[in-house]
Protein chains: 2
Amino acid sequence: MAGNAQSYDAEAFPRFGVTVDLTVFTVKDDALHLLLVRRANEPYEGMWALPGGFVRAEADANLDRAAQRELREETGLGFHAQASAAEGEIHLEQLRAYWRQRRDPRPGIEVATVAFIAIGPDLPEPIPGGDAHEAAWRPVTDVLAERVALAFDHQQIVRDAVTEVRRRLEDTLLAAEFVPREFTLAELRHVYEVIWGEPVDKRNFYRKMKSLERFIRPTGRLTSGRQGRPAELFVRTPAELAPGPILRSGRSADTAPDD
Amino acid sequence: MAGNAQSYDAEAFPRFGVTVDLTVFTVKDDALHLLLVRRANEPYEGMWALPGGFVRAEADANLDRAAQRELREETGLGFHAQASAAEGEIHLEQLRAYWRQRRDPRPGIEVATVAFIAIGPDLPEPIPGGDAHEAAWRPVTDVLAERVALAFDHQQIVRDAVTEVRRRLEDTLLAAEFVPREFTLAELRHVYEVIWGEPVDKRNFYRKMKSLERFIRPTGRLTSGRQGRPAELFVRTPAELAPGPILRSGRSADTAPDD
DNA sequence: TCAAAAGTGTTGTGAATACACCCATGG
DNA sequence: CCATGGGTGTATTCACAACACTTTTGA
């Protein structure tokens with residue numbers, strides 16, 4: 001069984017197209033929203049899909065860069081220089097790769113995709129471009145409930161991405177990516193409430209976060225001009241995404257809300 | 001900026017080679033071991049590497065199947081029918097994809113790889129085949145300490161895989177993949193001790209696992225012929241890999257042992 | 001009958017909850 | 001001076017760690 005593997009000529013291995021697809025999340029209007037584009041070209045022309053496109057072997061240094069470029073081209077949402085992550089607007093991390101035979105219906109080519117999760121604080125309206133006729137924020141509940149049909153296997157990718165975001169909210173400070181660089185604990189708490197779909201006690205949350213000095217740091221500044229007593233402003237620390245339980249130590253999977 | 005994206009001809013996108021690479025783990029001789037093969041062909045001929053190879057668009061139905069096939073070809077380690085997972089020997093899950101420019105030095109082609117984590121209970125000696133001259137189990141500590149040089153970016157892949165295995169040990173019953181279908185709680189505990197590199201209290205572990213009825217189920221049978229009092233035998237339940245904290249709720253990342 | 005390993009009881013400690021209460025600001 | 005949201009105090013509950021102890025086998 002092992003021997004005849006040699007009959008496969010290493011110089012004649014199949015060639016794939018490789019794409020990147022992005023699940024871009026933001027919290028807007030008290031709900032988790034996902035960025036979708038309407039496809040300008042075949043296949044699935046006119047259908048909603050995740051923003052993304054082919055990796056360019058010559059122009060893209062790696063997969064992350066390809067994802068950044070596609071997001072900028074199709075939606076106008078940008079990344080700042082990678083070094084100044086403090087001022088950078090959009091968090092990006094890889095989810096996983098997807099391929100099965102004929103996943104892309106175009107004849108003569110197999111296309112594998114690498115899916116990414118991108119997160120930003122109350123992002124602006126997208127500007128369609130490239131392969132996108134139209135770009136819009138949609139509540140993730142609409143997508144999960146299949147109220148909007150997606151091209152390719154993008155429905156599955158979105159399900160996986162939402163699961164991953166909810167999980168990482170529990171054991172990292174990923175929530176801080178949904179909030180501006182300087183934020184109040186009330187704003188951070190709101191992210192948890194929206195994504196988990198249930199209230200979080202204001203007072204316990206406050207103490208818990210104050211105790212996580214490894215993850216967030218007070219700036220000393222206060223909010224002003226808002227209703228009520230001014231709130232302390234915090235910034236995330238560089239180590240913010242290192243693991244370590246954040247909230248809900250005993251939360252079990254089958255109680256996860258559908259909201 | 002978005003407009004000139006159209007100048008990129010969608011029919012002429014670059015073609016990639018796509019490979020799968022496997023990090024195969026087992027617990028052997030009181031240490032976590034990783035399966036390596038010695039490369040029979042260029043590039044990196046004669047060097048140690050992860051087992052893996054090109055995805056065959058016609059023969060492989062999806063990425064998981066390609067990974068299973070490569071493992072069988074290069075090491076003789078097999079998977080049983082997917083349906084009878086109960087009797088199946090090797091657990092397989094995707095880690096993530098890797099690509100950067102010239103990641104594979106072969107001229108004229110860019111190669112992206114999809115890395116997998118595979119786990120089995122005290123696996124047998126591998127039988128080299130295909131692109132592998134030689135196949136052997138190595139302690140992961142040797143690889144992490146760079147006492148063995150690996151081809152391509154496989155060193156990085158191994159680091160990522162070990163981190164992921166340690167993490168999933170904390171919030172899933174992934175440990176059960178390292179022991180036979182029927183196992184004692186002492187055997188399961190041994191997996192934690194080996195991978196985390198520190199002792200786990202026998203009595204607290206016993207109670208904790210007994211309380212996780214969602215994950216493991218007693219068979220009613222007992223061990224015999226061993227030293228000491230016979231132990232109850234357990235089997236994992238189908239839901240075994242659903243999240244939910246298992247042990248060490250308050251374990252922080254920077255205390256992870258290096259072994 | 002002794003060593004070895006399985007399994008039980010009990011207690012202290014710290015973290016997560018629940019909720020009463022006080023503080024500082026805008027209107 | 002009142003509504004609104006920020007922030008503090010404190011009791012209860014619960015999970016986990018620590019460790020003394022009993023049970024059941026093989027040699």
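None of the values given here were measured: they were computed from a predicted structure. Only heavy atoms go into these numbers, but all of them, side chains included; no hydrogens, no water, no symmetry mates. In what follows, chains carry the letters A, B, and so on, assigned in the order in which the sequence lines appear, proteins first and then strands, with residues in each chain numbered from 1.
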Report the residue (B/D201 or A/R189) whose heavy-atom-nearest nucleotide on DNA chain D is the more 5′ of the two.
A/R189

Out of D/dA18, C/dA6, D/dT10, which has the shortest distance to the side chain of B/R207?
D/dA18

Sequence neighbours left out, what passes side chain to side chain donor-acceptor pair (under 3.5 Å) with [X]? Give chain and number order.
X: B/K210; result: B/E232
X: A/T75; result: none
X: B/D122; result: none
X: A/R226; result: A/E187

Establish, with yes or no, whether the OP1 or OP2 oxygen of D/dC16 is under 4.0 angstrom from a side-chain nitrogen or oxygen of B/K208.
yes

So, is B/Y206 near the phosphate of C/dT8, with a side-chain N or O under 4.0 Å from OP1 or OP2?
yes

If we ignore angles and hydrogens, is there a donor and acceptor under 3.5 Å between the side chains of B/D160 and B/Q156?
yes

In whole Å, I'd like the distance from the [atom1] atom of [X] to the [atom2] atom of [N].
X: B/E170; N: D/dC16; atom1: CD; atom2: P; result: 13 Å
X: B/K210; N: D/dC16; atom1: NZ; atom2: C1'; result: 19 Å
X: A/F205; N: D/dG5; atom1: CZ; atom2: C1'; result: 15 Å
X: B/E187; N: C/dA5; atom1: CD; atom2: C1'; result: 13 Å
X: A/Y192; N: C/dT17; atom1: OH; atom2: P; result: 13 Å
X: A/M209; N: D/dT8; atom1: CE; atom2: P; result: 16 Å

Sequence-aligned protein contact record of nucleotides 20-27 of chain D, with B where the base is within under 4.0 Å of a protein heavy atom and S where only the sugar-phosphate is
BB-BBBS-

State which residues pass side chain to side chain contact (heavy atoms under 4.5 Å, CB included) with B/Q227; sequence neighbours excluded, sorted by chain then number.
none

